Amino acid sequence: MVSAIGFIGAPSQAFASDWTYLQARLAWPVAILIACVLFVPFFHRLEVYTAYEYLERRFDSRTRLLAAGLFILLKCGYTAVAIYAPALVVSEMTGLPAAWVCIGIGVFTTAYTCVGGMRAVIWTDTAQFLVLLGGLLAALHYSVSSVEGGFTAIVAEGTAAGKFRFLDLSTSLETEFTAWGGLVGGTFFLLSQYVVDQSELQRFLTTSSVRGSRRALVSTMVFTSIYGLVVFFIGTALYVHYSHQPSQVAFEMEPDRVFPMFILGTMPAGLRGLLLAGIFAAAMSTVSSILNSLATVTVRHMLGPLARTAGSVRLARWATVAFGCLTTALSLRADFFGTVLIAQGKIRNFFGGSLVGVFLLGMLSRRARDGTV
């Protein structure tokens, strides 16, 4: 769940606004409880290749196909943003057109995912995560040390400017981020990320037991919550840093380009390379797992009869290539949705909430039937 979208988008959101976006994390205890008690043991008992096979057993094939289609639309849009995010950094640092960087990320990640499958996804993700963690710690150090007075000055000036505002108890429907929206919408948002999203669920189900899946799920949610605080703090530090500069150019440019500008102008060359590698690692980690899950869902649910004659592995590889090309093409227009963090939230909420709803309906209601009853 740690991607280039958060790595780039979270500092830009904190720089331009405050911490109210993180109110969705208020829902993680509720989401963990529902996921660990209801979803994880349920899917382990089913022993299915994809989460959507259950919907055919519970309802009918049309429900399964609809859910699989929603998942494909969700992940294609999300992957496009995940490819676009690191392209912003490389474009800012090298002057290369962002479109060419998007194409490079898409082609390379598609190639190794196609050849290696799920095993390649997990092991490359492990190495990429370590690189990303090193880059994150370097960015945190330099963003704090760039401000005279360090951590204390950032907290004092950020608080005075309202940059650490977290809770918004407003009941207005026009307020973008509120505590109530975080609790209710955040629960569905997190469940759509972790337990009905094939790209994440397939990882938890590679563990040998329900206990192992629960441990992986809880540790992931806890870590990503801590990670969110760190990257938002970097954004607040950037605000304090640039507010001291004679030139106010940072406040006139697109928020997503502020962090890349800081990396280029402040960090030493070697660490710039590490941070760039970390951003690429996060992007490729996200894209590879999604491509693998898209291929699995497509072959299993859309091309079932054809897979029996042409071979499922061969079809999965061709599906990986096709989705790699599609998502790379979509990434060229990913700026249409706004900043990368808000863009991924819009895409996730639009498609993901419906998937959570249909699974909960099937699992909790005995009266619900397919449309023919």
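Just so you know, residue 1 is the first one in the sequence shown, and it goes up from there. Here the structure is a predicted model, which is why all the values come from computation and not from measurement. Only this structure's heavy atoms are used, side chains among them; waters, hydrogens and symmetry mates stay out.
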Gap between atom SG of Cys102 and atom CG of Leu332 - 0.5 Å precision: 5.5 Å
Compute the centroid of each ring, for [X] and then for [Y], and state whether the two points are separated by less than 6.0 Å.
{"X": "Phe189", "Y": "Tyr194", "result": "no"}
{"X": "Phe166", "Y": "Trp19", "result": "no"}
{"X": "Phe71", "Y": "Phe351", "result": "no"}
{"X": "Tyr142", "Y": "Phe262", "result": "no"}

Do the side-chain N and O atoms of [X] and [Y] include a donor-acceptor pair separated by under 3.5 angstrom?
{"X": "Ser213", "Y": "Thr207", "value": "yes"}
{"X": "Thr178", "Y": "Asp168", "value": "no"}
{"X": "His244", "Y": "Glu148", "value": "no"}

Report yes if the side chains of [X] and [Y] come closer than 4.5 Å at any heavy-atom pair, otherwise no.
{"X": "Phe323", "Y": "Ile290", "answer": "no"}
{"X": "Trp28", "Y": "Ser225", "answer": "yes"}
{"X": "Glu56", "Y": "Thr63", "answer": "no"}

Glu53 backbone acceptor or donor facing Arg64 side chain under 3.5 Å: no
Aromatic ring pairing Phe359/Phe43, orientation class (parallel under 30°, perpendicular over 60°, tilted between): perpendicular
